[in-house]
Structures are given as structure tokens and as C-alpha cells.
Trainee: 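Next up is a structure, given as C-alpha cells.
Everything quoted here is computed from the prediction, not taken from an experiment.
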Amino acid sequence: MKAERKCKIGILAAGTALTAAFSLVLPVGTISGNGISDSAPSGNPASVSAAESSGKVTLRIANWEEYIDEGGWDEEEAIDLDDRESTVILGENSMIEDFEEWYLDTYGVEVEVEYSTFGTNEDLYNQLTLGNDFDLVCPSEYMFMKLIAEDRLQPLSDSFFDEENENNYYIRGVSDYIRNIFDTNTINGEPWSSYAAGYMWGTTGIVYNPEVISEEEASHWSILADPKYKGQVTIKDNVRDSYFAALGMLNEEALLEPDFISSPDRLERIAELMNQTDEETVKEAEAILKQMKENAYSFESDSGKADMVTGKVLANYQWSGDAVYTLDQAEIDDYYLAYAVPEECTNIWFDGWVMLKDGIEGDDARQQAAEAFINFMSRPDNVVRNMYYIGYTSVIAGGDSDIIYAYADWCYGAEDDAEDTIEYPVGFFFSGDNADEDYIITAEADQVNRQLFAQYPPQDVLERAVVMQYFDQENNERINQMWVNVRCFDLTELTPQDWAKIAAVLTAVIAAVVIYKKRDDIRQLKRK
């Protein structure tokens, strides 16, 4: 039997539902659980003064359901890390309670958090449209790009990016790999990083049953339309992910051509192919999606995890965070699943913190509290708490702290007596150098296609991973109409034979109704 994974099974939250706006694609010592810091107030002096003079601050936050540590850990759940400080992580209180206490201790200002949750990006957007006021929200990347494009976000302050401020845990600890993506991807000429701070991230791929499906089969988007597995695969019930998979199939030959793979501008060329939204491309993608629909057990947003765990289906198109959850759940019953990223390409998704203009309303004290919350969530010990609770991967590498790497090693490092092991490099994320010997996890060999692989993809996956960007209105309408055509029943596709069958069924139904009616009339006459 395989060794039990030490990480707690995350309580899954975020997922992307049907998009209101589609996308283009572009490359891309012991710490206690109460979160108290002994550091003196620091940061932008003007902001601190504004906060101190305004008294109590109310901070309105909206986040995905079950997407933050709620505390209440049992003592046996304490995480003993083998980092430089021998850190022990224990979530006694909720992250919200700990933040309120930390903020008072750090800045000398009382803050009250009004915390709300949402189920989808569209739920959040609808709330904003209906006039709900939030100061800080955590949507997925396409939604915060939409909000940037609509000029609804408050830029992060200059002081938020001050790396000399010891309380600026985000900018001091975000992975350079992630930071580069946020700096280089733009909306209306402005980088994401001017408005958004990352929270969790991952890839998309295929969760599969390795007893039935080979790794080679699962490593291509075409498995979703393979008649060999008719009724045994599930597809994402949203236009973004499904269209991406369809384009992966449509461009499979080009994406796997050896010269294409070895080209120095491979990411840009992947982006060019995956960006195509002309009428002909959309029409071809629609045909592929209809094949997928015919072949699939279902379109789903959340049920695919349970369907995989129960064995109802053999393969599930999935976000990497959900993949980890699914593999964990199956493992409880000694049922081992695997995760593959298509060899053609994959897309990187993000959830990130952004401030709303309508909420902040130029209030320096409120903005400071919102930015402090982002930083508190980015403190290495709190990053571990949230990852442990959620099961997703934080964008924070830790900077000078080795706590987060120690946690990855705690989760996935092989036992000393393990025989079949691999050296798994994660330097790309933690130091920017995948050959960095300080960031190599000795893991069990099967982690090459399981949880560790899903949480920290290897270099070859990142070399074919692109970011989905905001889409303009004209192309958005074209893609969404395509999706309506796929998801709805299309009468124009019925053949003469289909119509003949329908006519026969209708004739039989009408005849049955007539016969029943006559029998009923006869019964009524007999009673008279």
C-alpha cells in the first residue's frame, strides 16, 4: 500500500462557471496559530496616520466559499515543519479573527471585517451590479481583468510594493514566476499587478484512472472526444475551459510538431493559435465541442470530483486544485487516480485580491486595511494554514522564509525507508532556478503524476502553459453564441431519419391518447 499523504484533504472552493466575458490567451522559530506579530507599526506614514485618526475601520471582504482557513484545528493537526526555525503551524482561530487582532497589534487601529462568500464569478459580478459594496474581493483572473477593463478597481498603493516594509509579505514573498506573469499581462496597457495580488493558482488537465486509461491517452485533449471512452468522461460546463480544450484538439498537429516544440518563441506561438476567434475557427471548435458533448457523461462544474472518486467516470477535465482534492478523496478508499497535463498546451488560472473603487471611495484607512489583509494572508505561516485547509497552491513562495517549501516537503517528501523515489525540482517556483539544489523534494515515484505534480508542475509543463486573457465584446458574443449552440438542442442538425423517428413517436403517442380517450368515453357510457 502506498504511504498516506500527510496533507489534510482540502475543502474545495473555487471553480470557474459559465463566463460572462470570454478570453484571449497570452503566454505567460515557532509561529503560533493566533497570528499575532510583535512588530511595531510600519508602512506608509500618511496611511497609518489616516487610519489612526479615523478610529475603527470596517472592511468588507467577499471571497469564494470555503476558501480561507476557518480555524478550530485539533492539537493533533499541528504541522511540525523542518524549516530553519522548526516552525509549528496550528490554526486555533479563524483567519479573520487573527487578522483583526494582528491589525490592532501592528497598526494600533481596530478593524472589523464583514466577510461574505460567493459561489461563482458571475455571482460576485451580479452582486456588484445590484449595488452590493465590497472593499476587497477575490475573483478569478478573467473577472478581475473584466473589472480592470471596466475601470472599477482601485489601484494598489505605492507603499504596497515597498519591499523594505517588513509587513509587506506579498511583495516580499510572491514567487518570481507568478510576479512576472502579473507584471507582463496587461489590460488597456496596464499590468495586472497594478490592481491585483495573486492568491491561489494552478493548471488545467485530466484526472484519470490509470488502471484503465494510459498516461499517454490522458495527456491529450482528444481523450475528451475519444469514442473508446464514450459516457466515461466529463467536461467543464463553462465556455472558457471547454473552448480552450476544443482549440487544443483543433491545433493538436501543429502544437506537437517537433520544430514547433523546440522553437524559442513556443509560448507566443501557442498563444497565437489558442487566440484564434475568427468565424471559421469558432465554427470548427463548435463541431469539436459537439463531439465532446456526444461523447461525455456530462458537462459539470463540481460533480466531476465525486464522479471520479466513485468510479462513475474514468476521466475528468479538471482544475489542478480540484485534481488534488479528487486524488486525496479517492486515496482514502485505497483508490488511486492520477493527473495529466495535455502535451499540446494548458492554461494557468489564478484567483486574486482586488479592491473596488465603489468600496474604498478614496478612504486611505480602508485601503490600508484592505492591503494589510492581503499581506496578512501572504505571511508564510498563514499561507500554509490556507493551503492546508483549501488544498490549493498559493502564489506565495515565501521570500526569505523557507516555511512554504518546508510545508511542500512535509506534504510530499518520501519516508526515509521509501524504496522507489524521485528527485523532484521545484526551484522554478521558490527561487527562479529549477536546478537549485536547495529546492528539490525527494518524493515517492508516483508523485510524478499525482498531487505534487498537480500543485507544482514541472518545467516542461510551464513551457506549454499560457494565461487566458480578457476578451472584447464582439468576440465574446461570437464565442458565447457558439456555446449556446453546443449546450442547447439544435433542431437544424436533425436528419430526415431523425424526423421520421420523431413523427413515428408522436403518431404513437397521439394514437395512445385517442384510444385512452375512447375507452374512457365507453366507461362513462356504461356507468350511465
Trainee: Identify the two heavy atoms, one from Q451 and one from D328, that lie closest to each other, and give their separation to 0.1 Å.
Mentor: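 In terms of heavy atoms, the two residues are closest at NE2-OD1, 2.8 Å.
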Trainee: Rounded at 0.5 Å granularity, tell me how far OH in Y177 sits from CH2 in W201.
Mentor: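 CH2 of W201 is found 5.5 Å from OH of Y177.
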Trainee: Does R450 count as lying over the ring of Y412, i.e. NZ or CZ under 6.0 Å from the six-ring centre, within 45 degrees of the axis?
Mentor: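 No - R450 does not lie over the ring of Y412 by the 6.0 Å and 45° rule.
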Trainee: Report, as yes or no, whether the 6.0 Å neighbourhood of atom CD on E75 holds more than 12 heavy atoms from other residues, nucleotides or ligands.
Mentor: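 No - once you tally the heavy atoms of other residues, nucleotides and ligands closer than 6.0 Å, there are 12 at most.
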Trainee: Closer than 4.0 angstrom, basic N to acidic O: yes or no for K236 and D241?
Mentor: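 Salt bridge: no.
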Trainee: Under the rule for side-chain hydrogen bond (donor to acceptor under 3.5 Å, both in side chains), what residues qualify as partners of Y317, not counting sequence neighbours?
Mentor: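 Counting only residues at least two positions away or on another chain, Y317 forms no side-chain hydrogen bond (donor to acceptor under 3.5 Å, both in side chains).
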Trainee: Going by atom types only, do S140 and D351 share a side-chain donor-acceptor pair under 3.5 Å?
Mentor: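 On atom types as modelled, these side chains qualify, holding a pair under 3.5 Å.
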Trainee: For the side chain of Q318 and the backbone of D322, is there at least one donor-acceptor N/O pair under 3.5 Å apart?
Mentor: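 No: the side chain of Q318 does not pair with the backbone of D322.
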Trainee: Taking atom types as modelled, find out whether S157 and E371 have a side-chain donor-acceptor pair closer than 3.5 angstrom.
Mentor: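 Their side chains do contain a donor-acceptor pair, which is all the 3.5 Å distance test asks for.
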Trainee: Can you label the angle between the W102 ring and the Y169 ring as parallel, tilted or perpendicular, going by 30° and 60°?
Mentor: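 Because their plane-to-plane angle lies in the 30° to 60° range, the rings of W102 and Y169 count as tilted.
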Trainee: According to the salt bridge (Lys or Arg N to Asp or Glu O under 4.0 Å) rule, which pairs have a member within residues 392-404, sequence neighbours left out?
Mentor: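 Every salt bridge (Lys or Arg N to Asp or Glu O under 4.0 Å) pair that includes a residue of residues 392-404, provided the two are not neighbours, is R84-D402.
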Trainee: Over 60° means perpendicular and under 30° means parallel, so tell me whether Y456 and F430 are parallel, tilted or perpendicular.
Mentor: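 Taking F430 first and then Y456, their aromatic rings sit tilted (interplane angle of 30° to 60°).
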Trainee: Can you confirm whether the side chains of T234 and N316 place a donor and an acceptor under 3.5 Å from each other?
Mentor: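 Yes, N316 and T234 have a side-chain donor paired with an acceptor closer than 3.5 Å.
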Trainee: Can you find a side-chain donor-acceptor pair between E190 and Y195 that sits under 3.5 Å?
Mentor: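 There is such a pair (donor and acceptor under 3.5 Å, judged by atom type) between the side chains of E190 and Y195.
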Trainee: Working to the nearest 0.5 Å, report the span between OH of Y424 and CD of Q447.
Mentor: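 Reported value, rounded in 0.5 Å steps: 8.5 Å.
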Trainee: Taking the inter-plane angle between the rings of F350 and W192 on a 0 to 90° scale, is it parallel (under 30°), tilted (30 to 60°) or perpendicular (over 60°)?
Mentor: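 Rings of F350 and W192: perpendicular, over 60°.
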Trainee: Does any donor atom in the side chain of N375 or N168 lie under 3.5 Å from an acceptor atom in the other side chain?
Mentor: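 N375 vs N168: donor-acceptor pair found between side chains.
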Trainee: For S431 and Y405, which I'm curious about, is there any donor-acceptor pair between the side chains at under 3.5 Å?
Mentor: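 Per modelled atom types, S431 and Y405 side chains form no pair under 3.5 Å.
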Trainee: Find the distance between CG (N347) and CZ (R464) and round it off to the nearest 0.5 Å.
Mentor: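 With rounding to 0.5 Å, CG (N347) is 12.5 Å from CZ (R464).
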Trainee: Is it the case that T442 and E423 place a side-chain donor and acceptor less than 3.5 Å from each other?
Mentor: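 Indeed, the side chains of T442 and E423 share at least one donor-acceptor pair under 3.5 Å.
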Trainee: Please identify each residue that fulfils side-chain contact (heavy atoms from CB on, under 4.5 Å) with D265, with sequence neighbours left out.
Mentor: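 Testing D265 for side-chain contact (heavy atoms from CB on, under 4.5 Å), a comparison that skips the adjacent residues, returns S263, E268, R269.
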Trainee: Report the relative orientation of the aromatic rings in Y199 and Y67; use parallel for angles under 30°, tilted for 30 to 60°, perpendicular for over 60°.
Mentor: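 Y199 and Y67: perpendicular rings.
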Trainee: To the nearest 0.5 angstrom, please state how far the CG atom of D381 sits from the CD1 atom of I89.
Mentor: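 Between D381 CG and I89 CD1, I get 5.0 Å after rounding to 0.5 Å.
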